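Shown next, in structure tokens, is the structure this report addresses.
Just so you know, these numbers use all the heavy atoms, side chains as well, and skip hydrogens, waters and symmetry mates. Bear in mind the structure is a predicted one, so any value in this text is a computation, not a measurement.
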Amino acid sequence: MLSIGLLAGLLALGLTGCGTTTGERALSGAGLGAAIGGGTAAMTGGSITRGAVIGGGLGAAAGAATDRDDIDLSRRHRY
């Protein structure tokens, strides 16, 4: 169960950069981080509240640390 939670957290980390402004990215990162942190804590038997708070804080920090050009899911690549 722990490995599933960690894998979900790593996959969702790429989504922390969603948004055009720093505030939007921090907010989306906080939401995703809180959901993943709470879910992981629930799967491992930990405190859901503590997991959500820690995940939300880390997600907000990761979202605020990225800029629009770091992760742009709407950008299409031409080869």
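- Taking CG from Leu32 and CG from Leu27, the interatomic distance works out to 10.0 Å, rounded to the nearest 0.5 Å.
- Under the side-chain hydrogen bond (donor to acceptor under 3.5 Å, both in side chains) criterion, Ser47 pairs with no residue at all, not counting sequence neighbours.
- Between Glu24 atom CD and Thr22 atom OG1 the span is 9.5 Å, to the nearest 0.5 Å.
- Judged by distance alone, with hydrogens and angles left aside, the side-chain atoms of Thr40 form no donor-acceptor pair with the main-chain N or O of Gly37 at under 3.5 Å.
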